[in-house]
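Lettering of chains follows the sequences in order, A, B, ..., and the numbering in each one begins at 1. What's counted below: heavy atoms across the whole structure, side chains too, no hydrogens, waters or symmetry copies.
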Amino acid sequence: GQQVMQIPQYQHVQEGEDFTTYCNSSTTLSNIQWYKQRPGGHPVFLIQLVKSGEVKKQKRLTFQFGEAKKNSSLHITATQTTDVGTYFCAGLRTTDSWGKLQFGAGTQVVVTP
Amino acid sequence: DSGVTQTPKHLITATGQRVTLRCSPRSGDLSVYWYQQSLDQGLQFLIQYYNGEERAKGNILERFSAQQFPDLHSELNLSSLELGDSALYFCASSPGVHAADTQYFGPGTRLTVL
């Protein structure tokens with residue numbers, strides 16, 4: 001089953017509104033990555049967080065890594081129709097030094113103009 | 001365009017059959033990862049190859065196998081196909097061996113098993 005949980009599964013947002021999607025792991029993560037997949041497309045890397053409490057911004061997107069390195073969030077301000085897609089977090093457990101990125105099930109975002 | 005190519009784009013086959021999916025990584029990338037994306041399971045890591053050698057295994061069934069060739073392209077072989085194997089199969093590549101490296105995903109192969 002999923003060891004990295006994402007909530008909510010669906011997010012319906014009015015254009016211009018803000019929203020946040022959350023990612024929670026049952027185990028400590030060495031890092032967390034966020035990807036965006038547009039409808040019909042493939043996952044595209046957005047950002048990686050490594051340090052406890054780290055906050056990174058990309059224009060209207062703010063990414064945060066929790067102090068305990070077990071959770072992360074993505075906050076989007078002033079949502080635009082271009083933000084439509086599914087946002088995945090993917091965590092690398094501290095015990096998996098090689099290739100086992102654990103993907104969350106994703107938050108599917110629909111934006112209403 | 002990520003620079004990762006996958007063929008074919010679509011594949012329709014019958015239960016019990018065997019198919020091969022192909023992936024060419026970005027120029028210079030040594031790692032290739034295979035993922036399965038289905039509606040109810042999300043993105044599931046299957047296997048990673050680095051410079052021709054298997055590096056990590058995820059939830060890959062015994063009916064599935066993969067390899068990476070000297071030119072670094074990779075193939076995922078799916079045999080004795082079942083209806084539940086219908087999914088999008090992505091490969092991703094990265095420069096190094098660690099999953100912490102940014103992974104660049106290909107466009108995917110949509111497999112439909114009838």
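In this structure, A:Phe103 is a member of the same hydrophobic cluster as B:Phe45, with clusters built from ILVMFWY side-chain heavy atoms closer than 4.5 Å. Hydrophobic cluster membership is shared by B:Ile47 and B:Leu81, with clusters built from Ile, Leu, Val, Met, Phe, Trp and Tyr side chains linked at under 4.5 angstrom. Cluster annotation: B:Phe64 is not connected to B:Phe90 through the hydrophobic network of ILVMFWY side chains, with a link wherever side-chain heavy atoms come within less than 4.5 Å. Note: the hydrophobic cluster containing A:Leu49 also contains A:Leu29 (ILVMFWY, side chain heavy atoms under 4.5 Å, direct or indirect links). Clustering ILVMFWY residues whenever any of their side-chain heavy atoms sit less than 4.5 angstrom apart, transitively, puts B:Trp34 in a cluster other than the one holding B:Leu30.
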Stepwise side chain to side chain contact (heavy atoms under 4.5 Å, CB included) check, B:Gln37 with A:Phe88: CA-CA 12 Å; B:Gln37 185 175 43; A:Phe88 293 96; 3.4 Å; yes
Side chain to side chain donor-acceptor pair (under 3.5 Å) between A:Gln33 and B:Gln103, worked out: CA-CA 10 Å; A:Gln33 299 178 9; B:Gln103 295 186 22; 5.4 Å; no
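Closest heavy-atom contact between B:Leu43 and A:Pro43: CD1-CG, 3.8 Å. Nearest heavy atom pair, residue B:Ala100 against residue A:Asn31, reads CB-ND2, 3.0 Å.
To the nearest 0.5 Å, atom CD of residue A:Gln37 and atom CG of residue B:Leu88 are 7.5 Å apart. Rounded to the nearest 0.5 angstrom, A:Leu101 CG and B:Tyr33 OH are separated by 7.5 Å.
The environment of CZ in B:Arg110 is sparse: at most 12 heavy-atom neighbours from other residues, nucleotides or ligands sit within 6.0 Å. The number of heavy-atom neighbours closer than 6.0 Å to CD of A:Gln14, taken from other residues, nucleotides and ligands shown, is above 12.
With a threshold of 4.5 angstrom between heavy atoms, B:Asp101 approaches chain A through N, CA, C or O but not through any side-chain atom.
Taking the centre of each ring, B:Phe105 and A:Phe45 stay at or above the 6.0 Å mark.
Of the listed residues (B:Gly106, B:Ser2, B:Ser94, B:Gly58), the greatest number of heavy-atom pairs within a distance under 4.5 Å of chain A belongs to B:Gly106.
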